[in-house]
Amino acid sequence: MSERAFKPHEIEPKWQDAWEAAGADRAVEDPGKPKKYVLEMFPYPSGDIHMGHVRNYTIGDVVARQARMAGFSVLHPIGWDAFGLPAENAAIKSDSHPAKWTYANIETQAASFKRMAFSYDWDRTVRSCDPDYYHWGQWIFLKMWERRLVERRSSPVNWCPSCATVLANEQVIGDGVCWRCKSVVEKRELEQWYLKITEYAQELLDDLDKLPGWPERVKTMQANWIGRSEGAEVDFELCDAAGEPTGEMITVFTTRPDTLFGCTFFLLAPEHPLVKEFVAGTEHEAAVMDVVQKAARETAVERQLGERVKNGAFTGRYVINPVNGEKVPVWVCDYVLMEYGTGAVMAVPCGDQRDFEFAHQYGLPIPPVVVAEDDPLLEELRGVKERVLDDVPWDEAYAGDGVMVQSGEFTGTPTGKGGEGVRAVTAWLAERGRGKEAVNFRLRDWLISRQRYWGNPIPAIHCSECGLHPVAEDELPILLPMDIDVTKGETLADHPEFYETTCPVCGTPARRETDTMDTFTCSSWYFLRYCDARNSRSPFYRDNVDYWMPVDQYIGGIEHAILHLLYSRFFTKVLRDMGMLGFDEPFTNLLTQGMVKKDGETMSKSKGNVVAPEEMIAKYGADTLRTYILFMAPPDKDLEWSYEGVDGMYRWLARVWRFVNDAAEESANGCGIATSQDTAAKVLNREMHRVTGKVTSDIERFQFNTAIAAMMELTNAAYDYRRDVASGARDLPLQREVAGRLTLLLAPFAPHMAEELWLEVLGARGSVHEQAWPAFDAAAAAADEVELAVQVNGKVRGRVVVPADADVESVQSVALAEVASWVEGKDVKKVVVVPGKLVSVVVAG
RNA sequence: GCCCGGGUGGUGGAAUGGCAGACACGGAGGUCUCAAAAACCUCUGGGGGAAACCCCGUGUGGGUUCGACUCCCACCCCGGGCACCA
């Protein structure tokens with residue numbers, strides 16, 4: 001037989017050109033079809049594509065291609081997250097300009113994506129470093145400013161000495177290192193720009209419940225990051241240096257107001273403004289300032305190291321506990337954080353492990369106020385209202401549920417997390433105006449300013465006469481100047497021609513802001529821009545966004561579980577409140593794909609274990625690479641690269657190729673007969689229908705590995721048929737139908753080969769990618785006879801073949817006969833028949 | 001410490017509570033060939049047995065069930081996130 005050889009390198013470029021010329025992948029708003037927005041996180045143009053890209057974008061491409069065949073109007077766009085520090089570092093290394101490096105890499109990656117046959121609508125390409133994109137990033141910033149969501153203020157911030165810029169909280173990862181360069185982050189007190197994401201903390205938390213299509217893991221991480229705590233704010237009255245009440249209040253946040261009677265000291269963060277005021281010129285100044293300075297010097301890493309020693313010092317001042325009027329000493333200590341709550345804490349050593357340790361260290365009293373029901377101590381203290389015991393006999397604090405003791409009128413109240421005691425004490429305080437219910441979040445505002453050149457300029461002007469002003473909307477975009485030499489370490493702050501301007505309010509000489517925005521501001525709305533990518537009057541029109549959004553399927557790495565995904569949710573909610581769009585959440589379904597590893601480790605140049613996608617395309621073709629990377633593991637799990645596995649995938653595709661060619665040729669020559677009644681043909685026909693259903697449902701559930709396995713089973717069934725049935729006796733129309741079906745099912749995975757088989761081998765009309773996805777026929781997939789396992793007391797002792805529609809009684813009797821020797825002489829207690837599966841016989845004796 | 005995942009052959013991995021190990025890689029043997037490659041065929045969890053077949057087996061120990069990789073309880077190990085957050 002003179003069949004055509006499988007030559008991926010000839011057919012792949014041919015079809016890529018043909019599809020591009022035909023504009024095959026353009027997204028069209030077709031009112032006659034349901035829409036589907038399939039999106040993969042856009043890449044950073046860091047150089048050649050790597051296997052992580054191949055995996056991410058292949059997953060998305062299979063989903064997009066299958067959706068088109070299944071009758072959806074599909075938006076599947078691509079772009080580049082093109083601002084950022086690596087471009088500056090690369091420019092310094094190569095004595096070049098970040099723009100040059102960035103655009104060159106975009107070209108390289110785009111060419112690779114085309115070679116991989118990713119079916120993008122290239123007309124909608126977005127590059128975040130293009131002025132027509134970052135223009136609208138600046139515009140959104142101004143709109144946020146109008147809505148009081150932008151703030152410039154001074155606070156302790158994270159500083160990366162290697163990147164020479166500040167970082168957002170979310171960008172400090174692991175043991176206090178920079179997310180990008182892994183350097184140890186320092187604390188500095190600086191004035192910076194913030195987006196007030198905390199205004200949306202509650203909604204960002206609540207709306208996680210609106211995302212059933214997100215992995216539980218990601219939602220948990222976001223919920224933990226937002227970190228909501230319920231409790232109360234309690235006002236303590238300050239005393240003056242002589243210990244006399246001043247009438248002035250200081251507020252603390254606590255989750256356990258029910259333990260207020262156990263408060264024996266009061267703590268201030270080292271950075272708290274009252275600290276210096278309290279100790280200035282007193283005998284306590286030296287010791288307190290020692291604690292303050294030590295805390296300031298401490299790096300994030302030092303804080304992580306081993307068992308932390310708590311440092312503290314008495315300030316000489318007192319506050320008054322509102323529930324019992326007790327005078328409580330005020331200490332400064334390094335485990336209280338200025339950024340959380342009010343920077344002041346009521347210490348309850350019997351109920352909080354940190355306070356417990358601190359009290360031990362400095363010899364402060366630890367009176368028990370909440371005692372567990374099963375604690376013998378409760379017998380001694382039950383009903384005791386006044387403080388009679390000053391030190392608990394415990395080795396550690398008790399934070400669980402229990403009964404209040406030594407707590408005045410509240411003594412005897414059951415309490416614990418959300419217990420009655422919490423509500424009772426809070427209500428008591430509220431009645432007297434000394435406290436109220438309160439909620440605190442761990443989430444901090446998003447620090448977005450960066451002291452770097454290659455980013456979106458912040459559109460603001462500093463006037464020494466009249467303050468800080470936004471740039472006028474019609475002056476946007478503030479163009480990022482190109483004549484900056486980063487190889488000399490220059491930033492915008494080194495270029496007067498950029499920053500010298502006049503104040504838009506008073507007209508005096510003023511200074512333009514020289515910080516740029518965090519790149520994550522660019523990636524927080526790019527998915528909206530794709531819906532209306534060439535709009536020059538607005539970031540996007542609402543009609544277009546409301547048509548395509550929300551993203552039906554979003555695909556990307558787990559490393560963005562908090563960062564990008566949280567910021568994008570925030571932007572979406574703000575834009576919704578601005579009336580720019582009409583939905584609450586940007587990404588309906590999220591798939592976090594696993595990493596591609598080699599020898600158990602992530603691929604990296606320094607480890608020398610990188611497998612280059614382009615080399616694999618050159619050796620096997622893109623179809624093999626695409627199919628392989630989906631077959632090796634479920635998409636959300638890590639994948640271990642195997643060269644042998646790629647060989648195997650190539651072999652299978654070649655096997656499919658030969659079968660389709662043989663089936664087409666035999667059909668054309670007519671060297672067989674139609675005998676679709678025989679058993680072998682029935683088996684093959686059924687397998688074709690079963691596999692159609694399996695591949696369809698597996699793609700829906702992102703189980704690409706089992707979808708491919710099912711297609712392999714169909715291939716094997718086809719080869720079994722050809723082996724078992726002599727060439728003159730084959731059912732040629734069936735063979736041809738199977739060949740066509742396999743080609744259609746394979747189209748999203750191996751698009752070039754499927755197209756070649758469809759048009760050139762099977763001689764069909766119209767691109768395979770424009771064909772309707774084959775419908776699943778359950779009746780045709782059903783067998784008329786089924787084999788059942790017969791169990792006796794849970795063990796398989798035989799098998800019977802029965803008609804698929806056999807009634808329970810006849811199945812039972814056939815099954816009992818099959819296992820007669822196991823049942824003989826025993827008492828049959830029960831027979832369970834599971835249709836199509838098995839028969840379970842229970843015997844005794 | 002708290003919160004998520006996960007633990008199945010030599011390997012990657014399959015199994016709406018229903019025959020554990022689909023599919024593939026690797027391995028062994030074979031067909032074709034002067035030979036090799038390719039292709040094709042057979043076998044491939046462990047133990048016992050000549051064989052039919054039997055016993056054991058999804059991290060460990062219990063439980064629910066006619067039946068558990070799957071559900072429940074306790075524990076061990078691995079990976080990830082958070083962590084002096086009051």
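Computed from a prediction, not measured in an experiment: that's the story for all the values here. Quick note on labels: first sequence line is chain A, next is B, and so on, each numbered from 1. Heavy-atom basis, side chains included; hydrogens, waters and symmetry copies ignored.
When atom types are taken as modelled, the side chain of A:Q703 and the backbone of A:P634 share no donor-acceptor pair closer than 3.5 angstrom. Panel note: side chain A:N321, backbone A:L260; a donor-acceptor pair is recorded below 3.5 Å. No side-chain donor-acceptor contact under 3.5 Å links A:T58 to the backbone of A:R626. Side chain of A:D698 to main chain of A:A707: a donor-acceptor pair is present (N/O by atom type, distance under 3.5 Å, no hydrogens or angles).
Nearest to the side chain of A:V796, among B:C19, B:C23, B:G18, sits B:C19. Considering only the side chain of A:T706, B:A14 comes nearest among B:G12, B:C19, B:A14. Checked against B:A86, B:G5, B:A14, the side chain of A:D352 finds its nearest nucleotide in B:A86. Which of B:G12, B:U16, B:A86 sits closest to the side chain of A:V345 comes down to B:A86.
Whole-Å rounding puts the A:D258 CG to B:A86 C1' distance at 13 Å. If you take CG of A:D638 and P of B:U11, they are 18 Å apart, rounded to a whole angstrom. Rounded to whole Å, the distance from CZ on A:F704 to C1' on B:G12 is 18 Å. Rounded to whole Å, atom C1' of B:G79 lies 10 Å from atom CE of A:M595. One interatomic measurement links the two molecules: CG of A:D720 to C1' of B:C23, which rounds to 14 Å at whole-angstrom precision. In this structure, A:Y719 places its OH atom 13 Å from P of B:A24, rounding to the nearest Å. With rounding to whole Å, A:N224 atom CG is found 13 Å from B:G81 atom P. One atom, CG of A:L208, and another, P of B:G81, lie 19 Å apart when rounded to the nearest Å.
Residue A:R442 places at least one side-chain N or O under 4.0 Å from the OP1 or OP2 atom of B:A83. Taking side-chain N and O atoms only, A:S229 has a distance below 4.0 Å to OP1 or OP2 of B:A86. Between A:N705 and B:C23, a side-chain N or O to OP1/OP2 separation shorter than 4.0 Å is absent. The side chain of A:R651 places an N or O atom within less than 4.0 Å of a non-bridging phosphate oxygen (OP1 or OP2) of B:C25. In this model, the phosphate group of B:C40 is approached by a side-chain N or O of A:R658 to a distance below 4.0 Å at OP1 or OP2. In terms of phosphate contacts, A:R723 brings a side-chain nitrogen or oxygen within less than 4.0 Å of OP1 or OP2 of B:C41. For B:G18, the OP1/OP2 oxygens have no side-chain nitrogen or oxygen of A:R799 closer than 4.0 Å. Contact check, A:Y335 against B:A86: no side-chain N or O comes under 4.0 Å of OP1 or OP2. Considering only side-chain N and O atoms, A:Q703 lies under 4.0 angstrom from the phosphate OP1 or OP2 of B:A15.
Relative ring orientation between A:W446 and A:Y567 is described as parallel, the plane-to-plane angle staying below 30° on a 0-90° scale split at 30° and 60°.
Nearest-nucleotide mapping onto RNA chain B: of A:W225 and A:R655, the residue sitting toward the 5' end is A:R655. Mapping A:V842 and A:L838 onto RNA chain B via the closest heavy atom, the residue that lands nearer the 5' end is A:L838.
Between B:C40 and B:C32, the distance separating the two C1' atoms is 9 Å to the nearest Å. As rounded to the nearest Å, B:G9 and B:U64 have P atoms that lie 28 Å from one another. A distance of about 26 Å separates the C1' atoms of B:C76 and B:U65, rounded to the whole Å. Taking atom C1' on both B:G62 and B:C23, the two are 35 Å apart, rounded to the nearest angstrom. One C1' atom belongs to B:C82, the other to B:A14, and the distance between them is 34 Å to the nearest Å. For the P atoms, the distance from B:G57 to B:G5 is 29 Å, rounded to whole Å. Nucleotides B:C69 and B:U58 place their P atoms 7 Å apart, quoted to the nearest Å. Separating the C1' atom of B:G7 from that of B:G59 is a span of 6 Å, rounded to the nearest Å.
Among the heavy atoms of the strands lying under 4.0 Å from A:E787 is at least one base atom, whether or not backbone atoms are also near. Using a 4.0 Å heavy-atom distance criterion, A:Q791 is classed as a base contact. Within 4.0 Å of A:G648, counting heavy atoms only, lie sugar-phosphate atoms of the nucleic acid but no base atom. At the heavy-atom level, A:P215 lies nowhere under 4.0 Å from the strands shown. Residue contacts shown for A:N716 are limited to sugar-phosphate atoms, with no base heavy atom under 4.0 Å away. Among the heavy atoms of the strands, none lies under 4.0 Å from A:V218. In this structure, A:F441 reaches neither bases nor backbone, as no heavy-atom distance under 4.0 Å exists between it and the strands shown.
Scored by the side-chain hydrogen bond (donor to acceptor under 3.5 Å, both in side chains) test, A:E216 finds no partners at all (sequence neighbours excluded).
Heavy atoms only, all atoms of each residue included: A:K598 and A:Y643 are closest at CE-CE1, 3.9 Å.
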Do A:R722 and A:E666 pass the salt bridge (charged side-chain N to carboxylate O under 4.0 Å, His left out) test, and can you show the C-alpha distance, the side-chain angles, and the key distance before you say yes or no? CA-CA 11 Å; A:R722 294 176 58 72; A:E666 284 183 8; 3.0 Å; yes
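Taking 3.5 Å as the limit, the base of B:C66 and the side chain of A:S840 contain a donor-acceptor pair of atoms between them.
Here the options are A:K694, A:R690, A:R686, the test is salt bridge (Lys or Arg N to Asp or Glu O under 4.0 Å), and the partner is A:E713; only A:R690 passes. Here the rule is side-chain contact (heavy atoms from CB on, under 4.5 Å) with A:L625, and of A:K619, A:M616, A:R55 only A:M616 fits it.
Annotation: cation-pi geometry satisfied between A:K310 and A:Y335 (NZ/CZ under 6.0 angstrom from ring centroid, within 45° of ring axis).
For A:Q812, the CD atom counts as densely surrounded, since its 6.0 Å shell holds more than 12 non-hydrogen atoms of other residues, nucleotides or ligands.
Remark: B:U31 base-pairs with B:A39. Criterion, Watson-Crick or G-U wobble with two distances under 3.5 Å. Remark: B:G26 base-pairs with B:U44. Criterion, Watson-Crick or G-U wobble with two distances under 3.5 Å. Of the nucleotides present, B:C82 is the one that pairs with B:G1 by Watson-Crick or G-U wobble criteria, both distances under 3.5 Å. As the counterpart of B:A20, no nucleotide is assigned, since no Watson-Crick or G-U wobble pattern has both distances under 3.5 Å.
Applying the 90° cutoff around 0 to the glycosidic angle, B:G63 is assigned anti.
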Identify the pairs formed between an N or O of the protein and an N or O of nucleotides 55-62 of chain B at a distance under 3.5 Å, and give each distance.
from  : atom 1 : to     : atom 2 : distance (Å)
B:C55 : OP1    : A:R797 : NH2    : 3.1
B:C55 : OP2    : A:R797 : NH1    : 3.4
B:C56 : OP2    : A:K795 : NZ     : 2.8

